[in-house]
> 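Please find one structure pasted underneath; my questions will follow.
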Amino acid sequence: MGFLTEGALRRMRFWGNVALAVLLGLPVALSLLIAAANCCDETPTPEVISASEFKIDDIPPEKNSYYALVGMIAPAGKDPHAWGREIVRSANEYHALPEHLRDEEGPRYMEMINHPRRFRYRNPFPPVETSRTRNGGDKPVAHNRSKQRKDFCPENAVRCLPEYARQAALIDKAMAENRELIARYRSQYRYPHFREMIIPELSSPLPRYAHLPHDLVRAVIGREAVRGNDAGVVRALAEDTRYWRLVLREGRHLLSKMIAAKYISDNARLASEIISSRPLTRPDLDTLGGTFAPLDADELSLQSALHAEFASARRLFSTLLPRFGTTECWERFARCMSSKLVYQPDATVNLMYMHYKTGIAATRLPGPEYTSYMENRPPRGEFSLWRWHLVYNPAGKYMMHVGRPLFEGYSGRLRNLDGLLRLVQLRIDIRIAALPDSKIEALLAASRHKDPYTNKPMKWDARTRSIYFMGMRRSDLETPPLLSERFEIRLN
């Protein structure tokens with residue numbers, strides 16, 4: 001180093017020390033900046049507090065079918081309605097406790113839900129055997145229940161009545177093996193109300209929603225239609241649909257409404273097939289017309305359901321990590337302090353409320369405006385951590401960006417159902433008027449039952465003899481065009 005002067009060496013040492021101090025101090029300074037920025041959480045706005053309050057309605061238990069739905073799994077000899085009331089009471093008591101007081105071994109309501117003698121649906125379809133062998137031997141692996149067929153008519157089937165006719169013996173067998181379960185399912189029809197009575201929590205017990213019993217009831221209706229029992233078919237279809245429209249109208253949980261919409265849609269498709277294939281009387285057609293009328297404002301509304309979703313999400317975000325200053329936080333101090341640097345629960349909920357408010361407003365839009373809104377929403381896109389605004393609550397902002405709740409997307413499912421019900425009304429009008437194919441387009445143009453998305457007449461496909469509209473697909477709501485799922489009713 002003899003070629004460097006004393007002054008040059010001093011300058012090199014000085015700038016080297018400066019560089020070392022910067023390198024060592026930058027993480028410390030950044031940590032202090034993050035700590036200072038995240039020292040305080042936001043205060044929930046009055047709107048957030050109001051939107052997250054979930055009050056359980058005072059409906060007389062003996063008039064509420066929700067308990068019967070929850071308790072449908074009650075062991076043989078037990079009253080399903082009373083069993084469901086006890087599950088709900090236990091769940092609400094459990095979720096009202098602070099987190100640190102909850103029993104880690106599990107609440108009593110889970111014991112009732114998983115009771116060893118709980119009532120189960122007996123699947124009449126033969127189990128699927130796999131070709132694999134166990135331990136290299138020749139003995140086949142036990143039956144693979146996950147691949148066992150469950151539905152009598154596949155969801156994508158164009159017609160269900162031929163399926164029901166082909167499987168009539170299997171349907172009779174299923175009814176014989178599930179007679180009590182079907183009686184429990186039908187007992188729900190007698191209640192005048194449906195209202196969820198459980199505090200919305202991620203761990204709240206959900207009803208099994210009777211998918212397999214409903215599929216069997218629908219199969220029995222289809223089998224009776226094939227056998228020519230038209231009056232009984234119309235009565236049974238109207239009774240089942242009335243109940244699920246009650247769930248759709250009065251339910252306050254999003255899952256309840258989506259399940260009800262699915263079952264009403266299945267019934268509407270079966271009704272349209274019966275209208276096309278059976279010599280129904282005018283009173284029968286009038287009954288089906290009233291049963292499958294387009295959705296009213298209460299049935300289309302998602303405000304109460306999204307309110308419950310927001311209340312549940314706020315409770316979830318508030319308990320993801322221990323809050324600073326609580327006993328639980330002192331017991332897990334390191335985790336609590338580290339989480340405090342990246343996550344602010346109330347700030348995250350305030351941010352989610354903006355999505356909730358936008359979603360509620362979008363669900364109220366008329367069809368064309370709703371379609372335009374959904375197709376022109378800003379996409380979620382990529383997420384970059386190298387932004388200054390992410391110094392505060394980066395974990396919460398990441399969750400709200402990548403996992404942004406698409407509250408408004410659920411409205412599309414109800415609009416799809418509403419459009420399908422309008423198609424049923426048109427099918428009845430065509431049947432009553434006995435129109436030839438050449439005049440169907442004129443009837444569609446003059447009818448008040450328009451496409452729920454465009455407010456234009458429904459379309460006619462002469463090749464397949466079907467009336468249809470293009471509805472919103474149920475998945476991938478980020479990639480246009482969203483109106484890419486065809487909903488149709490065939491005339492033959």
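One-based numbering along the sequence shown. Owing to the predicted nature of the structure, the values given are computational and were not obtained by experimental measurement.
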> Treating Glu177 as the side-chain partner and Pro124 as the backbone partner, does any N or O pair qualify as donor plus acceptor under 3.5 Å?
no

> Mark yes or no for whether Arg252, through its side chain, and Glu196, through its backbone, hold a donor-acceptor pair below 3.5 Å.
no

> Between the main-chain N or O of Pro46 and the side-chain N or O of Ser50, is there a donor-acceptor pair closer than 3.5 Å?
no

> Please confirm whether Arg184 makes a cation-pi placement over Phe119, using NZ or CZ under 6.0 Å from the six-membered ring centre and within 45° of the ring normal.
yes

> Looking only at heavy atoms, which two atoms of Arg159 and Cys153 are closest? And how far apart?
O-SG, 4.1 Å

> Would you check if Phe487 and Arg269 make a side-chain contact, meaning some heavy-atom pair closer than 4.5 Å?
yes

> Under the 3.5 angstrom rule, does the side chain of His253 hit a backbone N or O of Arg195 as a donor-acceptor pair?
no

> Between Tyr356 and His307, is the ring pair (Phe, Tyr, Trp, His ring centres under 6.0 Å) condition met? List the steps.
CA-CA 8 Å; Tyr356 162 78; His307 183 175; 7.1 Å; no

> Closest approach of Phe125 and Lys150, non-hydrogen atoms and distance?
CE1-O, 3.6 Å

> Using 30° and 60° as the class limits, which term best fits the ring planes of Tyr185 and Trp244: parallel, tilted or perpendicular?
tilted

> Is a side-chain donor-acceptor pair under 3.5 Å present for Ser276 with Arg427?
yes

> Between side-chain atoms of residues 438-448 and protein atoms elsewhere (two or more places apart, or another chain), which donor-acceptor pairs fall under 3.5 Å?
residue : atom : partner : partner atom : Å
Ser447  : OG   : His449  : N            : 3.1

> Which residues pass the side chain to side chain contact (heavy atoms under 4.5 Å, CB included) test with Pro283, sequence neighbours left out?
Thr281

> Quick one: do the Glu408 and Tyr373 side chains pair a donor with an acceptor below 3.5 Å?
yes

> Is Arg486 positioned over the aromatic face of Tyr468, cation under 6.0 angstrom from the ring centre and no more than 45 degrees off axis?
yes

> Run the side chain to side chain donor-acceptor pair (under 3.5 Å) test against Glu299 and tell me which residues pass, sequence neighbours left out.
Arg245, Arg249

> Using a 6.0 Å cut-off, check whether atom CZ of Arg242 has over 12 heavy atoms from anything other than its own residue.
yes

> Looking at every non-hydrogen atom in both residues, tell me the closest pair between Thr363 and Ile360 and how far apart they are.
OG1-O, 2.7 Å

> Taking the side chain as everything from C-beta on, heavy atoms only, tell me whether Met472 gets closer than 4.5 Å to Met374.
yes

> Minimum heavy-atom separation for Asn416 and Gly471, please, with both atom names.
OD1-CA, 3.5 Å

> When you measure from the side chain of Glu273 to the backbone N and O of Leu161, does any donor-acceptor pair fall under 3.5 Å?
yes

> Please tell me if the side chains of Tyr121 and Leu216 come closer than 4.5 Å, counting only heavy atoms from C-beta onward.
yes

> In Å, rounded to the nearest 0.5 Å, how long is the span from CZ of Arg166 to CD1 of Ile171?
10.0 Å

> Quick check: do Ile264 and Leu295 have side-chain heavy atoms less than 4.5 Å from each other?
no

> Please tell me if the side chains of Phe469 and Leu483 come closer than 4.5 Å, counting only heavy atoms from C-beta onward.
no

> Side-chain contact test, heavy atoms from C-beta onward, threshold under 4.5 Å: evaluate it for Pro75 versus Trp83 and give yes or no.
yes

> Check for a donor-acceptor pair, side chain of Ser65 on one end and backbone N or O of Ala68 on the other, with a separation under 3.5 Å.
no

> Kindly say whether the aromatic ring centers of Tyr191 and His81 come within a distance under 6.0 Å.
yes

> Would you find more than 12 non-hydrogen atoms of other residues, nucleotides or ligands less than 6.0 Å from Lys262 atom NZ?
yes

> Do Leu426 and Ile489 touch side chain to side chain, with heavy atoms closer than 4.5 Å?
no

> More than 12 foreign heavy atoms under 6.0 Å from NZ of Lys78: is that the case here?
no

> So, do Phe292 and Leu420 sit near enough that their side-chain heavy atoms are less than 4.5 Å apart?
no

> If you draw the axis of the six-membered ring of Phe152, does the NZ or CZ of Arg218 fall within 45° of it and under 6.0 Å from the ring centre?
no

